[in-house]
Amino acid sequence: MRYSELLLPTLKETPTEAEVVSHRLLLRAGFIRKLSSGVYTYLPLGLASVRKVEQIVREEMNRAGAQELLMPMVQPADLWKESGRWEKYGPELLRFTDRHNRESCLGPTHEEVITDLVRREIHSYRDLPINLYQIQTKFRDEIRPRFGLMRGREFIMKDGYSFDATEEGAEATYQKMYDAYQRIFKRCGLSFRAVEADTGTIGGSFSHEFMVLADTGEDTLAICKHCDYAANMEKATVKQPVSLDRELLPLQKVETPGKRKVGAVCEFLGISPEELVKTMVYLADGDPVAVLVRGDHEVQPVKLKNMLGAVEVELADDKQVFETTGVPSGYLGPINLNIKIVADLEVEGIKNFTIGANEKNYHVQNTNLGRDFKVSQVGDLRQITEDDPCPDCGGDLELTRGIEVGHIFKLGDSYSKALQATFQDSNSEEQNFIMGCYGIGVSRTVAAAIEQNHDENGIVFPLPLAPFQVIILNLDPKNEQITGAAESFYNQLQQESIEVLLDDRDERPGVKFKDADLIGIPYRITIGKRFAKEGEVEVRMRKDGLIKSLSPDEAVAEVVNTIRAEIKAIRD
RNA sequence: CGGGAUGUAGCGCAGUCUGGUAGCGCACCUGAAUGGGGUUCAGGGGGUCGGAAGUUCAAAUCUUCUCAUCCCGACCA
């Protein structure tokens, strides 16, 4: 492609709307333009990167035995009513009626449609397992779209669905998809981890999120430095603490004037936060619950939600705390508290800890769970920390940020039951399909790749996702000798099936350098006055800025060989 | 939906407090020079000041309503 003919509107300045780096760079590098909130046009370069991801996904899904199909985006309400999700899905589902007053929606996901298809077409265990996927634009009317392609309302997604005759079969399929996802993200050239995800009500270890590691990620992960353990903070289990063996001391009420925060109380009493227990009030579906955690720990709301079986938990504010307990926040404690109390595991282990006295300006020391108060449940409720040992191997943990680009899930028979999707097993008995679903945010993967790979000059694409592999800079289009050489490079590289962009614009060299860096093409060949004088061109790597001065023949060989080697290495 | 902010040329902004007929940089068009890290000079085009209503002799500026966008929370590929 010739730059002079390409729609590639790069920007010197960042539009104010863009806050995160991938969004800024996608706009500046001329990859996307916004049409409305969370809805973007992919310009030629942006689309090229999206296609790269799609192609890798396709190849690996096909290799894993899945088949591609394409389902409608517009879906009838009836199907969603049948699965019960027409009511359950909420306002994220964009609904509308057509001219015949038929209710429809834009597909945010396709469990209903695929299950409907399979129940019509598959009737025998002999045809199982079957694994179907599509790559398609999804629409979810997100509450708050943000970060450009990271969370759009309209986005490109690969969604796959598997149907098995047995649990064991479904688990094997799950494993296949897990392996395929590992290959996909490796082939994208990204640094990532598969983490155990919260399975909510279904339980078990059959949900993994694939997280691209990037400081700007929305999720925090706990990963082990020694073994393969990696988990989302919501899921990361904390090891059972050791119970301290100490003599229990008598309760002692102490005055703590104006000391509400853990730090202030500890300083005032000369104790450490490990010897104090905080009482946090949450509203679980509107009902107040006191949650006890050690002073230096934080409550993990998702764990709390799962323990209580609540739909939504929310930290109560000071006003709500006072209204429900009659105690000003800061002096709350579990003794004689009039609301439900649950405690983190750790609280069981500590002896003689300090708590609020349920009275302004007072705390109570030497408190002990069981002796002085009771709780209705004890469990893992706190956020894991870097000081905790790995739950698998006991090694050191590290907390890092990640961006969720893929999610695989064993669904079981919930959808096949709801939609009465059955097949006959070898005993001629009707069985529900055992399903799994597997998603990849294709457009988000491009954004995540940029979040992970950029510098102050722009995007630094991993080779497999770059819209072009090589950019040739003709620094002096008016010089026949230089232009001739540039054209010759362009032709030769194209003949070698290298994806190449020729910057043939009548622009100053500086402009071309800046743009080449900004759009992040991995290899750059510069032809300028050094070629006119010494017959040498320059090959530069975007990643590390390494420059080699080579003769034209050497340069072509260098670029072709390195690119082929790199692609091969990633593929194998 | 709750909290915060912003809407003035394609992009980045000034002008708003204190009302007086809209400006700067970049980008764009014309011409010339320049040609290895966003070059320079000269000339030029482009604006319902987000929208509506109101106050006023006069509104980008004051008032009210409204729409849109962005950031922080709950949700998710």
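All chains are named by letter (A, B, ...) in the order of the sequence lines, taking the proteins before the strands, and each is independently numbered beginning at 1.
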Answer with yes or no whether the side chains of A/S207 and A/E209 bring together a donor and an acceptor at under 3.5 Å. no

Pairwise [atom1] distance for [N] and [M], with rounding to whole Å:
{"N": "B/G23", "M": "B/G36", "atom1": "P", "value": "38 Å"}
{"N": "B/C70", "M": "B/C57", "atom1": "P", "value": "41 Å"}
{"N": "B/C13", "M": "B/G3", "atom1": "P", "value": "26 Å"}
{"N": "B/U34", "M": "B/U21", "atom1": "P", "value": "44 Å"}
{"N": "B/A53", "M": "B/A9", "atom1": "C1'", "value": "26 Å"}
{"N": "B/G45", "M": "B/C24", "atom1": "P", "value": "13 Å"}
{"N": "B/U8", "M": "B/G46", "atom1": "C1'", "value": "14 Å"}
{"N": "B/G50", "M": "B/A58", "atom1": "C1'", "value": "23 Å"}

Whole angstrom value for the distance that separates [atom2] of [N] from [atom1] of [X]:
{"X": "A/K514", "N": "B/G35", "atom1": "NZ", "atom2": "P", "answer": "20 Å"}
{"X": "A/L518", "N": "B/G37", "atom1": "CG", "atom2": "C1'", "answer": "13 Å"}
{"X": "A/E314", "N": "B/G3", "atom1": "CD", "atom2": "P", "answer": "13 Å"}
{"X": "A/L35", "N": "B/A68", "atom1": "CG", "atom2": "P", "answer": "14 Å"}
{"X": "A/R542", "N": "B/G37", "atom1": "CZ", "atom2": "P", "answer": "17 Å"}
{"X": "A/D515", "N": "B/G38", "atom1": "CG", "atom2": "P", "answer": "12 Å"}
{"X": "A/K478", "N": "B/G36", "atom1": "NZ", "atom2": "P", "answer": "13 Å"}
{"X": "A/L11", "N": "B/A27", "atom1": "CG", "atom2": "P", "answer": "12 Å"}

With a 3.5 angstrom cut-off on both distances, give the Watson-Crick or G-U wobble partner of [N], or none if there isn't one.
{"N": "B/G2", "answer": "B/C72"}
{"N": "B/G19", "answer": "none"}
{"N": "B/G37", "answer": "none"}
{"N": "B/C65", "answer": "B/G51"}
{"N": "B/A58", "answer": "none"}
{"N": "B/G10", "answer": "B/C26"}
{"N": "B/G45", "answer": "none"}

Looking for any heavy atom pair under 4.0 Å, which part of the strands does [X] touch: base, sugar-phosphate only, or nothing?
{"X": "A/N479", "answer": "nothing"}
{"X": "A/T526", "answer": "base"}
{"X": "A/R28", "answer": "base"}
{"X": "A/D159", "answer": "nothing"}
{"X": "A/R524", "answer": "base"}
{"X": "A/D506", "answer": "base"}

Are A/F31 and A/F461 close enough, and set up right, to give a ring-ring contact (aromatic ring centres under 6.0 Å, His included), and what steps lead you there? CA-CA 13 Å; A/F31 278 55; A/F461 266 117; 5.7 Å; yes

Ion pair check, [X] and [Y], cut-off under 4.0 Å:
{"X": "A/E487", "Y": "A/R2", "result": "yes"}
{"X": "A/K548", "Y": "A/E554", "result": "no"}
{"X": "A/R505", "Y": "A/D515", "result": "yes"}

Derivation of the side chain to side chain contact (heavy atoms under 4.5 Å, CB included) call for A/V50 and A/V442: CA-CA 7 Å; A/V50 166; A/V442 172; 4.0 Å; yes

A/K12 side chain, from C-beta outward: closest of B/U39, B/C11, B/G36: B/U39

Would you mind telling me which of B/G36, B/G38, B/U34 lies closest to the side-chain atoms of A/K529? B/G36

On RNA chain B, compare the nucleotides closest to A/E13 and A/L475; which residue's is nearer the 5' end? A/E13

Tell me which of A/P15 and A/E536 sits closer to the 5' end of RNA chain B, going by the nucleotide each one is nearest to. A/P15

Starting at the 5' end of nucleotides 69-77 of chain B, put B wherever the base has a protein heavy atom under 4.0 Å, S where only the sugar-phosphate does, and a dash everywhere else. SSBBBBBBB

Using side-chain hydrogen bond (donor to acceptor under 3.5 Å, both in side chains) as the criterion, list what pairs up with A/R33, not counting sequence neighbours. none

Residues A/F210, A/H407; criterion ring-ring contact (aromatic ring centres under 6.0 Å, His included); working and verdict: CA-CA 6 Å; A/F210 286 77; A/H407 196 164; 9.1 Å; no

Would A/Q134 and A/D159 count as a side chain to side chain donor-acceptor pair (under 3.5 Å) if you check the C-alpha gap in whole Å, the side-chain angles of each, and the deciding distance to 0.1 Å? CA-CA 6 Å; A/Q134 63 175 346; A/D159 51 324; 3.1 Å; yes

Decide yes or no, distance alone: a donor-acceptor N/O pair under 3.5 angstrom between the base of B/G38 and the side-chain of A/E507. no

So for A/D476 and B/G36, does any side-chain atom that can act as donor or acceptor lie under 3.5 Å from a complementary atom in the base? no

What distance do A/Y161 atom OH and A/L117 atom CG have between them, rounded to the nearest 0.5 Å? 12.0 Å

